[in-house]
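Here the structure is laid out as structure tokens; the discussion comes afterwards.
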Amino acid sequence: MKLRWTLMAVAATLAVAMPAQAQKAKDTLIAAFPREVKTTDGLYSTIRENDILGLLVDDALYYVDPETQQPVPLAAQGHEFTDDKTLVVTLRPDVTFHDGSPLTAADVVYSFRHIVSEAGETRYATRIGRWLESIEAVDDTTVQFNMKHPYAMVLYDLSYYSKLRKLGAYEVDGVITPNAQQNQVNGTGPYRVVDFQPGQRIELALHDGYRQDSPKAMASIQNIVIRMIPDFSTQAAEVMSGGVQWTFNVPTDIAENVGRTGRAQFVAGPSMRVGYIALDAMGRSDPNAPTRDVRVRQAMNYAINREDIVSNITGGTARPLWTACQPIQFGCTEDVRTYDYDPEKAKALLAEAGYAEGFDLEYWAARDRPIQEAIVNYWQAVGINVSLRYVKSVSKPRNAGELTAFYGSSGSFSIPDAGAIMPDRFILDVARVYTGDQELSDLVASANATYDAAVREARFHQAVKHIAEQAYWVPVQKYTQNFMLSNDLVYVQPEDGMPRLFMAKWK
Amino acid sequence: MAALDTELELVGEDSRHALVRRALQHKGFLFGAAVIAVICAMALLAPLLAPFDYTQQNLGNRLAYPVWAGGSWDHPLGTDHLGRDYLSRLLFGAQISVIVGFSAAVIGCVIGVSLGVLGGFFGGRVDHAVSFLLSCQLAMPTLLLGMAMVFLIGPSVTVVICVIGVLHWNLFLVVTRAATQRVRQLEFVTASKALGADKFSIIWRDVLPNLTSHILVIFTYEVGKAILAEAALSFLGVGIPAPTPSWGLMIAEGKDAMFFQPWLVAIPGFALFLLVIAINLMGDGLRDVTAPEARH
Amino acid sequence: MLIYALKRGALALLVAFTISLVAFLLLNFATDPASLMAGDEADIADVELIRKQFGFDRPLYVQYFSWLGSVFQGDFGDSLYWRSPVVDLVVRHFPVTLALAGSSILVTILVAIPLGAAAALNPNTLIDRIALSLAVAAQAVPNFWLGVMAIMLLAVTFPIFPVSGAETWWHFVLPAFVLGLSSVPSVMRLTRTGLLEVMASDYIRTARAKGYRGLGLLRRHAMRNALLPVVSILAVQLGEKLGGSLVTESVFAINGLGRLAIESIIGGDVPTVQMLVFIFALTFVLFTFLADLLNAWLDPRIRLG
């Protein structure tokens with residue numbers, strides 16, 4: 001007891017010496033990211049951390065308004081479709097890069113050509129290249145996009161997937177160098193990169209030349225430091241002891257407990273993210289993969305108790321998922337075949353498929369470990385001999401076609417449209433697709449290739465139903481999104497689930 | 001090497017009683033042996049003692065409190081993040097620790113002792129080669145290589161045992177090599193040589209039996225080290241694969257809740273600490289009992 | 001002395017390269033660097049192209065020697081995960097690890113040597129027994145568990161120290177303590193044994209006869225001789241810690257070489273892992289070599305024999 005009091009006295013003295021609220025006085029917000037950011041250039045990463053960073057350092061042509069969830073002009077002034085395959089965009093005259101130079105049509109043309117070029121190696125080449133035939137400058141402030149086919153989501157694509165770079169930004173000594181902007185991207189957003197230590201720390205400061213009538217002009221905190229802390233318990237400790245002020249995607253258990261201590265705030269926000277298990281339906285990983293049999297895939301669906309998982313592990317606003325899209329998205333429908341928890345039926349289906357004795361399965365996942373362990377348990381309970389490979393990222397073996405079952409998740413860039421999630425997961429030109437279903441692929445592609453909302457909706461509905469019937473996925477859950485915030489910070493999470501860190505301000 | 005000479009005098013029947021008597025008077029040895037006996041019994045009887053199956057999850061009853069923190073006797077140590085009974089996992093975790101520790105030390109022992117005997121008995125070039133292997137083993141970043149190997153081969157109990165065993169044998173080598181060199185000089189080996197016994201049988205019949213107590217002491221320490229190595233690997237996520245309960249893995253899994261359910265980390269950590277300290281005390285005891293002069 | 005140094009140095013280098021060969025073989029048998037390098041969106045043709053381009057289709061021993069060749073030219077290859085030269089990565093992560101290793105050795109010295117000395121000066125007393133029990137306990141406590149418990153108690157319950165990171169020296173206190181403690185048992189035992197031996201020697205008896213007592217005796221006569229083996233074990237421990245703090249760095253989210261190693265393994269970044277194994281082995285043999293030289297310089301019997 002005596003020791004305890006002594007320690008507390010020491011703690012009190014030191015706490016006075018090092019005030020925890022110092023960050024507000026320094027006007028520096030410290031945010032924590034769970035995954036490592038490898039580059040400040042959002043064109044070369046698809047992780048949510050880079051989306052958040054991209055919204056801070058890059059202004060694209062359009063911006064998804066958090067209220068209406070519709071694209072509004074950002075670096076663009078406006079646009080006009082001259083026909084259903086030609087889009088003309090006019091630029092604002094007052095947009096500047098962080099190095100002070102103004103944004104011109106030549107820069108925009110250069111950026112898009114770089115994005116789709118093979119040598120550019122950007123992560124959005126496939127996505128933009130699906131619809132972009134060519135781009136040209138009409139005059140100094142006007143660009144024209146020539147499209148391969150009508151594309152309903154083009155303005156969303158101009159909001160998230162296409163960052164603007166200065167003419168020649170990727171040329172080093174005349175050679176195209178994909179990582180030229182890795183360390184200090186020269187963007188157009190409200191914050192500029194001051195310092196970047198890959199995988200460790202990013203230091204940002206307000207961009208002085210940022211225009212005050214931008215939809216993102218509420219950015220008010222002078223400096224933002226982003227620290228990468230992989231462990232959520234460490235993040236919780238930091239938030240409680242004043243070392244970090246903003247964290248996202250925190251497991252509900254931890255965030256709730258932190259909130260209960262009163263040493264930091266727990267804020268639950270909506271999320272567009274869905275989690276699912278993709279199964280190898282075409283025998284890419286192994287010609288004899290049991291998952292080629294639709295009955296096996298259905299059995300694996302029946303074996304899992306989604307209700308238990310979402311209410312007990314994920315918690316918050318999470319709900320079971322039955323679809324290959326987030327049901328609030330346009331084009332998604334919940335009128336599909338569902339697989340309510342029924343281990344007996346699962347066993348019967350497995351027996352029918354000739355696997356009464358079960359089979360060996362390697363299951364790969366890279367996030368939400370407790371959920372993966374629960375899933376492994378459910379599958380083992382119906383006789384499948386599962387071993388969990390919990391790794392940092394499944395993307396390499398996944399794209400190489402080595403996996404029979406893996407966990408995936410998609411936040412759809414927070415775009416409320418099934419066209420934001422389904423093409424990258426069911427069109428066969430993408431390396432991660434394990435369906436081998438050409439008809440489905442064509443259907444999904446055609447759904448995005450028209451402006452007719454009714455036709456789009458009908459095609460997506462058809463695709464979603466087909467996927468559920470074939471059980472290409474084991475859809476698991478709609479996510480919740482938890483934040484831990486220091487007590488002196490105000491941050492309201494927009495409805496679409498995309499964190500916009502520039503909206504944070506001190507109390 | 002006074003130790004060895006003493007021990008050679010002790011091979012007779014009477015000295016066995018002396019050994020036992022000294023062991024029974026050694027407090028550290030007794031404590032260590034008692035704790036190890038209890039933990040081994042727990043591990044062996046885990047299927048009988050454990051109130052639940054260690055994989056049986058109950059998501060509706062997650063993170064239940066242990067008895068002393070207001071929980072119920074259904075789960076005396078509470079439940080983990082998947083609602084699995086923590087006592088059952090702890091008991092089966094003992095099994096893993098004991099199996100991994102013992103088997104890895106056996107592998108290390110076979111490698112280290114063979115090399116040590118070879119080097120010490122034959123000397124010359126063989127000895128140079130063995131010393132070189134030893135230098136390499138000492139300089140190897142074992143945890144890093146162990147992690148890499150387990151990750152690339154694919155984690156399983158067998159893989160973890162083999163990797164730890166293959167990477168930990170230097171002490172066996174050092175001790176057996178030095179001791180073999182001594183034994184080789186002793187008269188009875190020279191006598192066997194004169195009688196025309198071949199080298200292998202000299203090693204097998206004359207050299208090895210004289211090294212047993214040394215090897216046993218080292219073996220004990222190595223079991224402790226192997227248990228800690230397994231826990232570290234599992235803690236870093238490349239050891240025993242879930243849902244098999246390993247104490248290191250339990251600490252890693254409990255870490256998310258450590259500020260709010262601290263026992264999830266404290267219990268397996270303490271169990272690990274207790275087991276290893278008992279093993280080390282038994283090792284110290286064995287050393288003192290078999291070679292009292294080597295104490296300081 | 002020179003010949004001795006050259007002999008030991010050559011052996012040390014040979015050891016480091018043998019280890020790198022072992023690591024090379026292990027890693028290359030288990031993975032396909034070409035498909036790793038081709039990246040996420042590549043198809044089979046791309047992978048084949050890269051295999052040819054970077055020579056992954058050649059026999060392993062040819063690949064090893066070409067790797068060795070570029071190492072001698074200071075080219076350690078590119079990290080697959082970070083897409084930047086491995087040398088840059090190592091240079092970036094090294095200072096933190098150096099600071100951590102240095103401060104943890106400092107902790108070891110500050111704890112182990114006074115404790116060992118106190119135990120040796122009061123053999124078979126309570127102090128001696130406490131010191132030995134501490135050593136036994138420190139040897140058995142799992143490093144990562146101690147780190148987690150330290151954060152829990154001293155950074156959150158009582159927010160005295162920062163939780164994670166490596167921004168100021170204050171950040172290093174807890175991790176240095178946790179890492180340093182693991183070397184305490186061996187260093188303390190060695191100090192104690194060394195001092196006990198020296199205290200029993202003739203010249204200490206002479207010094208005692210001259211009237212030296214307690215600390216004066218310790219400082220002037222006993223310590224210097226007893227510490228010779230301690231210094232060399234400290235050098236070895238430092239060499240080990242420069243590459244071995246995987247667990248501590250992971251617990252305290254310190255972004256040094258240890259965490260780089262973990263991330264590289266889990267990220268399947270074979271060239272980086274291979275390089276780190278080589279660098280860690282090299283650091284270790286270098287420090288052992290220095291310790292050997294130090295010993296030889298202080299003890300002519302080794303130097304001449």
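Reminder, nothing fancy here: chain letters follow the sequence lines and each chain counts from 1. Remember, it's a predicted structure, so these values are computed and weren't measured experimentally.
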statement: Whatever's closer than 4.5 Å to a heavy atom in chain B on C:Ile19 counts as side chain

message: Atom CZ of residue position B:Phe260 - does it have more than 12 heavy atoms of other residues, nucleotides or ligands inside 6.0 Å?
response: yes

query: What part of C:Leu146 gets closer than 4.5 Å to chain B, counting heavy atoms only: side chain, backbone, both or neither?
result: neither

query: Using a cut-off of under 4.5 Å for heavy-atom pairs, which of C:Val273, C:Val156, C:Val236 has the most such pairs with chain B?
result: C:Val156

- line: Under 4.5 Å to a heavy atom of chain C? For B:Pro268 that would be neither

task: Name the member of B:Val238, B:Leu138, B:Ile279, B:Leu281 that forms the most heavy-atom pairs with chain C at distances under 4.5 Å.
output: B:Leu138

- prompt: If every non-hydrogen atom of B:Met258 is compared with every non-hydrogen atom of C:Met152, which pair is closest and at what distance?
  reply: O-SD, 3.3 Å

field: B:Ala266, part contacting chain C, at a heavy-atom distance under 4.5 Å
entry: both

message: Quick check: do B:Leu144 and C:Ile265 have side-chain heavy atoms less than 4.5 Å from each other?
response: yes

task: Could you grab the distance from atom CZ of C:Phe17 to atom SG of B:Cys136, nearest 0.5 Å is fine?
output: 12.5 Å

statement: When rounded to the nearest 0.5 Å, the distance separating CZ of B:Phe273 from CD of C:Gln139 is 11.0 Å

field: Minimum heavy-atom distance between C:Ala140 and B:Ile277, given as atom pair plus value
entry: CB-N, 3.4 Å

- request: Counting only heavy atoms closer than 4.5 Å, note whether B:Met149 contacts chain C via side chain, backbone, both or neither.
  value: side chain

message: Could you check whether any side-chain N or O of C:Trp145 sits under 3.5 Å from a backbone N or O of B:Val265, counting only pairs where one atom can act as donor and the other as acceptor?
response: yes

- prompt: Which residue out of C:Ile151, C:Val136, C:Val22 racks up the most heavy-atom pairs below 4.5 Å with chain B?
  reply: C:Val136

message: If we define contacts as heavy-atom pairs under 4.5 Å, which of B:Asp284, B:Leu145, B:Ile251, B:Ile227 has the most with chain C?
response: B:Ile251

query: CE of B:Met147 to CD1 of C:Ile262: how many Å apart, nearest 0.5 Å?
result: 5.0 Å

statement: Highest number of heavy-atom pairs under 4.5 Å with chain B among C:Ala261, C:Ser264, C:Pro142, C:Ser250 belongs to C:Pro142

message: Rounded at 0.5 Å granularity, tell me how far CG in B:Leu143 sits from OG in C:Ser245.
response: 10.0 Å

- request: For residues C:Leu14 and B:Phe132, determine if any side-chain heavy atom of one lies less than 4.5 Å from a side-chain heavy atom of the other.
  value: yes

